[in-house]
J.: 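Right, I'll just put the structure down here and ask away after.
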Amino acid sequence: MKLGLFSSKNKKIIKDPLMGENPISIHVLGICSALAITTKIDTAIVMTIAVVAVLSISNTVISLLRNNIPNKVRIIIQMSVVASLVIIIDQILMAYMYDMSKLLGVFLGLIITNCIVLGRAEAFAMQNSPGKAFLDGIGNGLGYGTILIAVAFFREMFGFGSIYGAQIISDQMYLSGYENNGLMILSPGAFFILGLIVWAHRSYTKVIDKE
Amino acid sequence: MRSDTYTIIFTSVVTIVLGLVISFTADSLRDRQEINEALDIKKNILSVLGYNQAISVWTDDKIQSVYEKNIKEIFIDANGREIEKPIDSSLDYLKIYHKIENGSVSGYAIPISGKGLWGTMFGYFSLESDAETVKRITFYKHKETPGLGGEVDKDWFKNNFIGKKLIDEFGNLVSVEVVKGYVSSTDPYAKHKVDGISGATITGRGITTFLKEDLKKYNPYFAKIRKLNEIGSL
Amino acid sequence: MQHYINIIINSVFIENILLVYFLGMCSFLSISKKVETSIGLGFAVIFVLSITAPANWAINEYFLADGALAWAGLGELNLDFLQYIVFISVIAAMVQLVEMFMDRFSPSLYVNLGIFLPLITVNCSILGTSLFLVEREYGLVESTVYGFGSGLGFFLAIVSLATIRKRMRYSNVPPALRGVGMAMLLTGLISMAFLGFSGISL
């Protein structure tokens, strides 16, 4: 029986990673870039798009090959596919969105080592059909992006006083003594904000670490 | 259990296919990328020579055409003599950009670079046609902390350089110093100093150092221009 | 000599690959639950970084960089777009070697690290270090020193967090904050402390 594209099962594949199966806050993957790229909302958005693209395409390709990959070289093949995809996206960015590629810098290349990409390849793409794998890639990418943009929102807001480049804190507030919180732009701010967001997210989804 | 031969064949096929796709992409996009890089440099040079306000609304083509019309690239050797574009890059040469307006040179731009706090900073520095007054300074690449050393990108810092003097009353090159704190208005040497960035003393010190070093390299060339201007005004 | 010591001080304290560049987080968060395994992982990372940094430097210098293949008469070739895939392959191979080495000489540590040893391959800090040394145009000795320093920085950070988390077991952490959330807040504090080192140079 062929399930429709918008069947409840398929919708679940996309919706789950946004909440209860969120790759960052629940599965603790992909943290590196969640901290590094989140000083401004625009870089967070571009990174999300790149990760969604890499995840969905790599999941699909690996799923297509899943019955033919020899077990011994499994990880290397997966990584080669991911690395190639990232190279291609990097080249495209350098050609068509030069300023963005400069902003992302080495962090675009580090999508290759983004645990989410390899994690989903192993955990999902190797055992499921290409269609589902594609949706899973999109879902996880969006789940990742949600947290990323949330962190970036707070860091940009408190660190620069702007949202997506638009100045929110008025000049008047600055004149009356308000100052941007420099710590938000530096690394400790990233850690704190992410920690608090994970706390909020886990409280909402009621997922607890059994330590 | 798959045979080893199968593993080798599979891996080779995947490698070849991926290699071809990557190489094809890189190759076909390379020209566009080079244009982007070149355009970026042109934007920076135009910006430091006074077009900074206008640039933000120009199209790429307009940037290209203004650059071609108004900017001249000159190569000079260590003694300040103009030379032809060196084909052999092992020869020591320096690059200068002339701003041409109404047929005469109205500004000079030179590339500057040196150590900041976190890494090498890259920028351009421009002088007025008298070769001793500062026109502008900009940085297009650096790793300084936003809010601290990163303030070098802000207008307040850059605008302080406008109109500063590089030469003292004896004709010596003193460059511009980024002081710690503020420049006192009663300081007789205030025209050679700019306010520092609070919390970024090392960045400021770095700029002071490498700016002077780079200006020293170009001084033979600029000294000649100043001499010519002197004679011309007699 | 001072230049090299500066690189080490820089990569351990001022530009700690984990606390400042955020690379290596995944294994950092999972392994720091136990002090002994953290020490083991730290040493493994130091070792892998110290060998992959110069290896990747050499490959980039003689094969991939613009004009690198001049010695083979192919000076016009620029293969730097292959950096990602070549670097990660070299890293994967090196980690495989380390695995075999560890299995032979320290089987208990090998078992303790479990899945996380092969996961060093995808540890962002390993690939990141190689990419950074290319971006900063380091030479061979500088690259090796930088690789070692990065590893040392990672080691310091992970052992610090592990020892703190050990104490945290006796604290009453709110349920939803346990685990990752708390580790993030703790790491933030450690990173804030390290910020105090910035501005130091010999």
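Because the structure is a prediction, the values reported are computed rather than measured. Every chain is numbered from 1, with letters handed out A, B, ... down the list of sequences.
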J.: Which one, C:Pro174, C:Ser125, C:Ala193, C:Ser89, leads in non-hydrogen pairs under 4.5 Å with chain A?
T.: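 Of the options given, most contacts go to C:Pro174.
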J.: Working to the nearest 0.5 angstrom, can you tell me the gap between A:Leu65 CG and A:Met126 CE?
T.: 9.0 Å
J.: Is C:Phe148 atom CZ crowded by more than 12 heavy atoms from other residues, nucleotides or ligands, each under 6.0 Å away?
T.: no
J.: Taking atom types as modelled and ignoring hydrogens, do the side chains of A:Asp136 and A:Asn140 form a donor-acceptor contact shorter than 3.5 angstrom?
T.: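 Distance-only check passes for A:Asp136 and A:Asn140.
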J.: Please round to the nearest 0.5 Å and tell me the distance separating atom OG of A:Ser129 and atom CG of A:Leu64.
T.: 9.5 Å
J.: Given heavy-atom pairs under 4.5 angstrom as the criterion, report whether the side chain, backbone, both or neither of A:Leu35 touches chain C.
T.: both
J.: Does any heavy atom of chain C fall under 4.5 Å from the side chain of A:Ile31, the backbone, both, or neither of them?
T.: both
J.: Heavy-atom distance under 4.5 Å to chain A: side chain of C:Ile190, backbone, both or neither?
T.: neither
J.: Go through the atoms of A:Asn114 and report whether side chain, backbone, both or neither lie under 4.5 Å from a heavy atom of chain C.
T.: neither
J.: Give a yes or no on whether the ring-centroid distance for C:Tyr21 and C:Phe132 is below 6.0 angstrom.
T.: yes
J.: Checking A:Ala190 against chain C: side chain, backbone, both or neither under 4.5 Å from a heavy atom?
T.: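 For A:Ala190, the side chain is the part near chain C, not the backbone.
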J.: Among A:Asp90, A:Ile76, A:Leu118, A:Ile197, single out the residue with the greatest number of heavy-atom pairs under 4.5 Å to chain C.
T.: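 Ranked by contacts with chain C, first place is A:Asp90.
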J.: Pick one of side chain, backbone, both or neither for C:Leu29, based on which atoms fall under 4.5 Å of a heavy atom in chain A.
T.: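 Looking at C:Leu29, just its side chain touches chain A.
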J.: When rounded to the nearest 0.5 angstrom, what distance separates CD in C:Glu99 from CD1 in C:Ile120?
T.: 8.5 Å
